[in-house]
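So you know, we letter chains A, B, ... as the sequences are listed, proteins then strands, and number each from 1.
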2 protein chains.
Amino acid sequence: MDADLFDASCPSRQALDRIGDRWSVLVVSTLAAGTLRHGEIAGRIGGITPKMLTQTLRGLERDGLVRRTVYAEVPPRVEYALTGLGRDLVGLVQQLTRWAEVHIPDVEAARADYDARPTASRK
Amino acid sequence: MDADLFDASCPSRQALDRIGDRWSVLVVSTLAAGTLRHGEIAGRIGGITPKMLTQTLRGLERDGLVRRTVYAEVPPRVEYALTGLGRDLVGLVQQLTRWAEVHIPDVEAARADYDARPTASRK
DNA sequence: CTGTATCCAAGGGGATACTG
DNA sequence: CAGTATCCCCTTGGATACAG
């Protein structure tokens with residue numbers, strides 16, 4: 001019931017808990033293009049349900065990564081934009097993306113090799 | 001059924017799918033210290049079940065991030081070590097950790113502020 | 001348009017016990 | 001010691017319908 005220095009005290013775990021879910025990275029990356037409305041984000045991502053979009057946006061807003069602005073107009077208008085902290089996160093995500101782009105071939109090669117191995121095959 | 005440029009084609013998503021789970025980052029970070037045995041890893045992390053350790057290790061091995069060496073001895077001995085690719089990933093994870101260490105205070109402040117807001121309170 | 005509420009299926013991951 | 005096999009719970013997230 002008590003780990004060494006890991007569990008919740010590990011910063012990388014906390015960071016991953018924030019962006020490790022299915023949509024956060026996508027939403028943040030989309031907002032990197034600039035201020036967008038709820039429907040615009042949904043349209044650009046495609047496949048995300050309104051529930052998940054709102055849920056993701058709320059989480060990002062709560063963590064100070066996204067700023068939500070509501071305009072009290074007749075047709076409700078709500079705009080979302082990255083905060084300075086959010087823009088910072090985007091930079092990190094882009095590094096992650098870059099790493100992935102460079103190394104994915106290696107990973108796939110390793111995987112193909114692993115799956116083809118006669119010894120420790122077995123998925 | 002077809003997103004713009006995201007969904008599975010997004011590299012960052014692929015990278016996150018690899019390290020976004022509960023244990024991969026912890027295991028990889030632990031192995032950054034050097035070659036370790038199954039039990040040693042479990043001991044250093046604390047709280048991980050043998051099932052999850054093996055499962056995580058298998059995934060990392062399959063993706064070419066970790067190298068598994070089995071010694072055919074009387075008391076079974078299996079050692080795990082990072083590959084070049086794995087060491088590369090560790091570098092990225094450390095960047096992530098660094099970012100988290102620096103910005104977690106901001107995130108927590110934003111969260112506390114959000115939770116205290118009279119307007120859009122409501123968890 | 002923006003967002004909420006409900007229902008529900010799938011899977012991750014924990015506990016435990018057992019095998020080589 | 002290393003790893004496997006079950007069982008099972010609980011969370012994530014998708015579909016759908018509805019409200020402000």
Side-chain angles (χ1 to χ4, degrees), chain A residues 1-3 6-8 13 16-27 30-31 35-62 66-81 119-123, chain B residues 1-3 6-8 13 16-27 30-31 35-62 66-81 119-123:
Chain A
M1 192 118 36
D2 46 83
F6 299 93
D7 268 34
R13 264 238 56 77
L16 283 169
D17 282 341
R18 306 261 116 50
I19 64 173
D21 65 295
R22 193 163 194 68
W23 303 107
S24 291
V25 167
L26 252 22
V27 171
T30 301
L31 283 176
T35 300
L36 293 172
R37 301 175 61 175
H38 186 280
E40 295 176 323
I41 301 174
R44 297 202 182 196
I45 291 183
I48 187 172
T49 61
K51 179 182 117 178
M52 290 316 297
L53 214 207
T54 297
Q55 185 173 305
T56 301
L57 248 12
R58 282 291 186 290
L60 294 173
E61 181 196 2
R62 193 171 103 102
V66 165
R67 187 187 325 284
R68 178 169 178 267
T69 308
V70 183
Y71 295 88
E73 305 178 344
V74 186
R77 185 159 62 98
V78 181
E79 295 187 337
Y80 294 91
T119 315
S121 50
R122 280 280 171 250
K123 185 182 76 58
Chain B
M1 189 108 53
D2 46 84
F6 299 92
D7 268 34
R13 264 237 57 77
L16 284 168
D17 282 342
R18 305 263 116 51
I19 64 173
D21 66 294
R22 193 164 192 68
W23 303 106
S24 291
V25 166
L26 253 21
V27 170
T30 301
L31 284 175
T35 300
L36 293 172
R37 301 176 62 173
H38 187 281
E40 294 176 323
I41 301 174
R44 297 202 182 196
I45 290 183
I48 187 173
T49 61
K51 177 182 117 177
M52 291 316 297
L53 214 206
T54 297
Q55 186 174 304
T56 302
L57 248 11
R58 282 291 188 288
L60 294 172
E61 182 196 2
R62 192 172 103 101
V66 165
R67 187 187 323 286
R68 178 169 178 268
T69 308
V70 182
Y71 296 87
E73 305 178 344
V74 186
R77 184 160 63 100
V78 182
E79 294 187 337
Y80 294 91
T119 315
S121 50
R122 280 279 172 252
K123 185 179 75 58

(message) Please compare B/Pro50 and B/Asp21 by the position of their nearest nucleotide in DNA chain C and report the one closer to 5'.
(response)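 Going by which nucleotide is closer to the 5' end, it is B/Asp21.
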Quick one: is [X] getting a side-chain N or O under 4.0 Å of the [N] phosphate, OP1 or OP2?
X       : N      : value
A/Arg22 : D/dG14 : yes
A/Arg37 : C/dT2  : yes
B/Tyr80 : D/dC1  : no

[X] has an atom [atom1]; how far is it from atom [atom2] of [N], in whole Å?
X       : N      : atom1 : atom2 : result
B/Lys51 : C/dC18 : NZ    : C1'   : 15 Å
A/Leu36 : C/dC1  : CG    : P     : 15 Å
A/Leu53 : D/dG14 : CG    : P     : 11 Å
B/Met52 : D/dT4  : CE    : C1'   : 14 Å
A/Tyr71 : C/dG3  : OH    : P     : 13 Å
B/Glu79 : D/dA2  : CD    : C1'   : 13 Å
A/Arg58 : D/dG13 : CZ    : C1'   : 17 Å
A/Asp17 : D/dT12 : CG    : C1'   : 13 Å

Give me the atom names and distance for the closest heavy-atom approach of [X] to [Y].
X       : Y       : result
A/Ser24 : A/Arg18 : OG-O, 3.4 Å
A/Glu79 : A/Tyr71 : OE1-OH, 3.3 Å
B/Leu31 : B/Tyr80 : CD2-O, 3.5 Å
B/Ala81 : B/Thr35 : CB-OG1, 3.5 Å

Nearest-nucleotide comparison on DNA chain D, the residue closer to the 5′ end among B/Val70 and A/Ile48:
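Taking each residue's closest nucleotide, the earlier one in sequence belongs to B/Val70.
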query = Side chain of A/Glu61, backbone of A/Arg58: donor and acceptor closer than 3.5 Å?
reply =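 No; zero donor-acceptor contacts below 3.5 Å.
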Original post:
Base, sugar-phosphate alone, or nothing: which one does A/Pro76 contact when heavy atoms must sit under 4.0 Å apart?
Top reply: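 Base: the residue A/Pro76, judged by heavy atoms under 4.0 Å, touches a nucleobase.
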Looking only at side-chain atoms of A/Val78, point me to the closest of C/dT4, D/dG14, C/dT2.
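Shortest atom-to-atom distance from the side chain points to C/dT2.
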